[in-house]
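Please read the structure below before turning to the comments.
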There are 2 protein chains.
Amino acid sequence: MCPKVDMKKIENPTKCQVSFSKRRSSLFRKTHEISVLCDVDLALIAFSPSGRLNKFCSQKRIEDVMQRYIDLPPDKRFRYDIKRLV
Amino acid sequence: MCPKVDMKKIENPTKCQVSFSKRRSSLFRKTHEISVLCDVDLALIAFSPSGRLNKFCSQKRIEDVMQRYIDLPPDKRFRYDIKRLV
DNA sequence: TCGCCTATTTATAAGAT
DNA sequence: TATCTTATAAATAGGCG
């Protein structure tokens, strides 16, 4: 009933929307969990295909986390890109 | 072996770090998956307790996603806060 | 610290409603 | 379209090295 996912865009719009809705709720739950359990200050911004904004911020306003990012010296800003972990 | 998680900060520093490391890799994998499967443009910025930056961006530079957020009219920027889904 | 193992919990795709 | 069900897949806490 739950086959492995194929890592490519879901072309069927209905399936894509259902999958987005389910995955979004899990993703934001996990984001919330790690922020509390591990005391992580984080911000997540997501634009759905229709352009709708979904955002999450652990503690402060999302603008404050963005500012913390912007205020980093460039060497620290670019050093840790999580794509290497995916 | 895998008890339910208690939704509060893990005070033991070693356990906290191990949990962070495990959850971070899953979180960024899920973030990557939803961005590909559902064609979502997103940015995730996370500061670990030690202040280290971890970031992920789906397609463009993280600054571009931030700019897209900043460019939203205020009513759209504040309407969809995902905390309601957690 | 860091990876591997395993039992249990959680996520999720598809189907049902 | 959205929510519920269910069977399978994936995540993960703790143990061990």
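Every chain is numbered from 1, with letters handed out A, B, ... down the list of sequences. Worth knowing before you read on, the calculation uses all heavy atoms, side chains too, and leaves out hydrogens, waters and symmetry mates.
- Rounded to whole Å, the distance from CE on A:Met7 to P on C:dT12 is 13 Å.
- For the atom pair CG of A:Leu42 and CZ of A:Arg68, the computed distance is 10.5 Å after rounding to the nearest 0.5 Å.
- Rounded to whole angstrom, the span from the CD atom of A:Glu11 across to the C1' atom of C:dA13 amounts to 17 Å.
- Closest-nucleotide positions on DNA chain D for A:Val5 and B:Pro3 were compared, and the one nearer the 5' end corresponds to A:Val5.
- Separation of atoms CZ (B:Arg24) and NZ (A:Lys30) is listed at 16.0 Å; rounding is to 0.5 Å.
- As rounded to the nearest Å, D:dG17 and C:dT1 have P atoms that lie 22 Å from one another.
- Rounded to an integer number of Å, the gap from A:Ile10 CD1 to C:dA14 C1' is 12 Å.
- One finds a side-chain N or O of B:Ser26 lying less than 4.0 angstrom from the OP1 or OP2 phosphate oxygen of D:dT12.
- Residue order along DNA chain C, read from the 5' end via each residue's closest nucleotide, puts B:Val18 first among B:Val18 and A:Cys2.
- Among C:dA13, D:dA11, C:dT1, the nucleotide with an atom closest to any side-chain atom of B:Gln17 is C:dT1.
- Atom P of nucleotide D:dT1 and atom CG of A:Asn12 are separated by 10 Å, given to the nearest angstrom.
- Both B:Phe20 and A:Leu44 belong to a single network of hydrophobic side chains, linked directly or stepwise wherever heavy atoms of I, L, V, M, F, W or Y lie under 4.5 Å apart.
- No single ILVMFWY cluster, assembled from side-chain heavy atoms under 4.5 Å apart, contains both A:Val40 and B:Met7.
- Atoms CZ and CG, from B:Phe47 and B:Leu53 in turn, are 5.0 Å apart once rounded to the nearest 0.5 Å.
- We find that CG of B:Leu37 is positioned 15 Å from C1' of C:dA14, with the value rounded to whole Å.
- For B:Arg23 and D:dA11, the shortest distance from a side-chain N or O to OP1 or OP2 is not below 4.0 Å.
- No hydrogens or angles were tested; on distance alone, nothing pairs the side chain of B:Lys30 with the base of C:dA11 as donor and acceptor under 3.5 Å.
- Side chain of A:Arg29, nearest nucleotide from C:dA13, D:dA11, C:dA11: C:dA11.
- The CG atom of B:Leu27 sits 12 Å away from the P atom of C:dA11 (whole-angstrom rounding).
- Here C:dA11 presents its C1' atom at 11 Å from CD of A:Glu33, a figure rounded to the nearest Å.
- Residue A:Ser21 is classed as having no contact, given no heavy-atom separation below 4.0 Å to the nucleic acid.
- For C:dG3, the base has no donor-acceptor partner in the side chain of B:Lys22 [N/O atoms by modelled type, under 3.5 angstrom].
- The distance between atom CZ of B:Phe20 and atom C1' of C:dC2, rounded to the nearest whole Å, is 15 Å.
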